[in-house]
Peer 1: 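Below: one structure in structure tokens.
Note on naming: letters A, B, ... go to the chains in the order of the sequence lines (proteins, then strands), and numbering restarts at 1 for each one.
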Amino acid sequence: MDAPGLVDALTSAGVGRGDPVALVVKPGVGTGMAGGAGAWALAEVDDGPGPSLSGVAAVEAALRPRWVLWSAETSVALVRAGTRPAIAWDLAAVHRLLFGGWQADAGRVWAAAHGLALEAVPALRPVDLFSSLDDAGGGPVRADGHLRAEWAAGAWGESLERLRTWAELAQEVAARQLAHLAAMTDRPMAVATARSESGAELVCAELTVDGLPMDRAAAESVIAGYVGPRPRDEAEAAERRVARDAEVLSHLAPGAEVDLRSTAQVRVLLGRLGIEVADTRAWRLREVQDRHPVVAALLDWRKAERMGTTYGYRWLDEHLGADGRLRGEWSGSDGAAGRMTASAGLHSMPAELRPAVIAEAGMSFVRADLGQIEPRVLAVVSGDLALAAAAGEDDMYAPVAAQLGVDRATAKTAVLGAMYGATTGHGAQALRRLETAYPVAMGFLSRAAQQAAAGRDLRTYGGRLVRMGPGAPGGAAAPETPGAMAARGRYGRNAVVQGAAAELFKMWAVTVRARVGGLGARIVLCLHDELLVHVPREHADTVAELVAAGLDEAVHRWAPGTAVRFVADIAVVSRWSDAKG
DNA sequence: TGCGGCTATTG
DNA sequence: CACAATAGCCGCAG
């Protein structure tokens, strides 16, 4: 079907702007769409090396539907083919929101949407891949209601008729998920969250495909500052390692045999010097640094070792492309509270490497990070008006400190401690004052902790299920130790805040994506409370304003009518590390 | 070879 | 050194 034909077919089936259209992309078979009242449109038969997806682009331009996708795999395929959909309904992402956990293969997504037991999802046996579906006979759904394993795995051959069925099944699942979300009356923002989480999958697909601009020479010079210039071969690399080790060992008696990479041996070494430590973490070593010069040498060695191994030349070669983009795999929601995750160290890159993240020629970065997102989110989701009033300040720890009658640092520690589940330490006294000053917020947190400790599942503000029962990671299981219950309590206490913060952050990200895309700007990094947008220089100031406006828009979509103020620090810069451009 | 423990980095 | 994550190396079990 040609592009005008596609648009006509969908339009006459009643599909308009924002309406759901299931999209299936099957390499080697074709690309199809199902939408409206039983409309099926075959966008293209795939006879080339990969789908061109020009039909998708045409429908996107003419109708801008909400693309219903089985998973982010399709989003990545779309972005790779040069098509960037505006909005989506990602069945896997919505499944994770509704039912928790991370596994979201089609069989589970189908089963959960139909209220079937997840334990009974058919597993794909190796033999199934070779025995034809035609032998099995019948449709994709078994007598017991589960999706046939071969279908769920996509091993259904090259039939265009089956492509259509696969799209229609997606339509059905999406409708059921929507009904589920809408019926969750105690989570009125669940539908909006599902849309946003789906949009976040599109952001992730773009992050995965586009990558983060990084200047190779700048990065190599940072690395060289720690471990020397790039070794020519393995032998030279080994030589360099031995030399680094020797520098530390030179502070010891000659002939000392210590593997610095072995914490056990390091402890023994320190013990022989009369320095007893419970472990060899950096902060503990720093406490005994003046007892022997080897300690400082060891700390420097650790830093260089980190650069040499995790963030060294090998890391650069593996993840930094010839186009100067650092790429990792992005996930829209991790298995727990739903934050975004990224591989390739994109979320834990040492600050020292940030100067190497440089905007490309003619481009700038707009760097924006939210201030104190978690306590502000706590004020919203708990409905604590006193805490909401404190959020009226740019620095909300200042009014909290005044309220508690303690200094700012103590107030901050106490608030963070309340959200993390601290019970001891300097903040313990201030923690009790928090209970008095902000009883609503503190009650919200302790209820979450109690439920989690008891092994009961939680739901975030936006409706994400956080599994705490048997079978969940760290979930309740007999025999139960008090330590495990307490750990789960802290986990749950934090999950309801961190998870809600992640939901707000993703709404911000998808809003920014929607508002700045037309100016050629792209989000190139998401870091829990921070956005980095790569933008043509002439539009940088405009984009900075749109990022700020996008926060207000996101906050009011996330929590309509809230009085809690959210603040962002926004700057136009040419390097990620710059404070101002 | 796989996995838990330790360590370091980030928010 | 509380909450979350990724990642690498060591030491031990299989």
Side-chain angles (χ1 to χ4, degrees), chain A residues 102 226 241 245 258-268 277-287 298-312 314-315 318-319 328-354 357 369-375 377-378 412-428 430-431 445 448-449 452 458 460 464 466 473-474 483 486-502 505 525-532 576-577:
Chain A
W102 196 84
Y226 287 93
R241 275 196 301 274
D245 294 5
V258 179
D259 181 354
L260 300 174
R261 290 160 193 82
S262 162
T263 51
Q265 291 188 38
V266 167
R267 264 191 74 200
V268 170
V277 283
D279 56 60
T280 74
R281 287 180 172 85
W283 67 271
R284 214 182 279 278
L285 293 184
R286 252 173 243 120
E287 285 176 352
L298 181 61
L299 285 166
D300 290 344
W301 177 91
R302 284 254 178 94
K303 188 76 190 170
E305 183 72 1
R306 165 90 11 196
M307 278 295 182
T309 54
T310 308
Y311 297 102
R314 194 180 57 191
W315 170 75
E318 274 176 24
H319 304 295
E329 301 263 323
W330 286 78
S331 160
S333 68
D334 63 33
R339 294 218 292 202
M340 292 170 71
T341 59
S343 68
L346 281 158
H347 275 174
S348 47
M349 189 191 303
E352 291 88 343
L353 277 165
R354 291 186 179 195
V357 177
D369 65 289
L370 299 175
Q372 304 164 347
I373 181 175
E374 290 193 342
V377 161
L378 174 60
K412 179 180 176 179
T413 306
V415 171
L416 292 176
M419 292 187 295
Y420 291 161
T423 52
T424 58
H426 180 53
L431 218 54
L445 290 171
L458 301 171
T460 62
R464 179 176 301 278
V466 181
R488 214 163 47 235
R490 290 194 302 272
Y491 183 100
R493 171 187 288 268
N494 183 249
V496 290
V497 178
Q498 190 193 100
F505 176 78
L525 193 76
C526 291
L527 197 42
H528 310 312
D529 64 354
E530 180 173 0
L531 282 176
L532 196 65
W576 186 15
S577 52

Peer 1: Using every non-hydrogen atom in the two residues, find where Val415(A) and Pro375(A) come nearest and quote the distance to one decimal.
Peer 2: CG1-CB, 4.1 Å
Peer 1: Could you tell me the separation between the CG atom of Asp300(A) and the P atom of dA8(B), rounded to a whole number of Å?
Peer 2: 13 Å
Peer 1: May I ask you to say what Gly421(A) touches in the nucleic acid, namely base, sugar-phosphate or nothing, with a heavy-atom cut-off under 4.0 Å?
Peer 2: nothing
Peer 1: Take the protein atom CZ of Phe505(A) and the nucleotide atom C1' of dA5(C), then report the distance between them rounded to whole Å.
Peer 2: 14 Å
Peer 1: What is the separation between atom CE on Met349(A) and atom P on dT9(B), rounded to the nearest whole Å?
Peer 2: 14 Å
Peer 1: Do any N or O atoms of the protein come closer than 3.5 Å to N or O atoms of nucleotides 8-14 of chain C, and which pairs are they?
Peer 2:
{"residue": "dG11(C)", "atom": "OP1", "partner": "Ser262(A)", "partner atom": "OG", "Å": "2.6"}

Peer 1: Which of these nucleotides, dT7(B), dG11(B), dT6(C), is closest to any side-chain atom of Arg281(A)?
Peer 2: dT7(B)
Peer 1: What residues, two or more places apart in sequence or in another chain, satisfy side-chain hydrogen bond (donor to acceptor under 3.5 Å, both in side chains) together with Ser348(A)?
Peer 2: Tyr311(A)
Peer 1: Pro350(A) side chain: which of dA2(C), dA8(B), dT9(B) is closest?
Peer 2: dT9(B)
Peer 1: Whether the side chain of Arg339(A) and the base of dA4(C) hold a donor-acceptor pair under 3.5 Å is what I'd like checked.
Peer 2: yes
Peer 1: Looking across every strand, which nucleic acid part, if any, lies under 4.0 Å from Arg284(A) by heavy atom: base, sugar-phosphate, or nothing?
Peer 2: nothing
Peer 1: Is any side-chain nitrogen or oxygen of Arg490(A) closer than 4.0 Å to OP1 or OP2 of dC3(C)?
Peer 2: yes
Peer 1: Would you mind classifying the nucleic acid contact of Arg354(A) as base, sugar-phosphate or nothing, using non-hydrogen atoms under 4.0 angstrom?
Peer 2: sugar-phosphate
Peer 1: How would you list, by chain and number, every residue that makes a side-chain hydrogen bond (donor to acceptor under 3.5 Å, both in side chains) with Thr280(A), sequence neighbours excluded?
Peer 2: Arg302(A)
Peer 1: Rounded to the Å, how far apart are Leu532(A) CG and dG11(B) C1'?
Peer 2: 15 Å
Peer 1: Please give, in whole Å, the distance from dA7(C) P to Leu346(A) CG?
Peer 2: 9 Å
Peer 1: Compare the minimum distances between each of dT10(B), dA7(C), dC3(C) and the side chain of Ala351(A), then state the nucleotide with the smallest one.
Peer 2: dT10(B)
Peer 1: Between Glu352(A) and Lys303(A), does any side-chain N to carboxylate O distance fall below 4.0 Å?
Peer 2: yes
Peer 1: Only counting residues at least two apart or in another chain, list the ones meeting salt bridge (Lys or Arg N to Asp or Glu O under 4.0 Å) with Asp369(A).
Peer 2: Arg367(A)
Peer 1: Please identify each residue that fulfils ring-ring contact (aromatic ring centres under 6.0 Å, His included) with His347(A), with sequence neighbours left out.
Peer 2: Trp330(A), His528(A)
Peer 1: Within this structure, what is the CG-to-P distance between Leu531(A) and dG11(B), rounded to whole angstrom?
Peer 2: 14 Å
Peer 1: List the residues meeting salt bridge (Lys or Arg N to Asp or Glu O under 4.0 Å) with Glu329(A), not counting sequence neighbours, and say none if there are none.
Peer 2: none
Peer 1: Rounded to the nearest Å, what distance is computed from the NE2 atom of residue His347(A) to the P atom of nucleotide dT10(B)?
Peer 2: 13 Å
Peer 1: Does Ala495(A) reach a base, just sugar-phosphate, or nothing at all? Heavy atoms under 4.0 Å.
Peer 2: nothing
Peer 1: What is the distance, rounded to the nearest whole Å, between atom CG of Leu353(A) and atom C1' of dA8(B)?
Peer 2: 14 Å
Peer 1: Grab the two heavy atoms, one from Val377(A) and one from Ala500(A), that are nearest each other, plus how far apart they are.
Peer 2: CG1-CB, 3.6 Å
Peer 1: Using a 4.0 Å heavy-atom cut-off, does Met419(A) contact any base of the nucleic acid, only the sugar-phosphate backbone, or nothing at all?
Peer 2: nothing
Peer 1: Between Thr280(A) and dC6(B), is there a side-chain N or O to OP1/OP2 distance below 4.0 Å?
Peer 2: no
Peer 1: Mind checking if Asp279(A) touches a base, just sugar-phosphate, or nothing, with heavy atoms under 4.0 Å?
Peer 2: sugar-phosphate
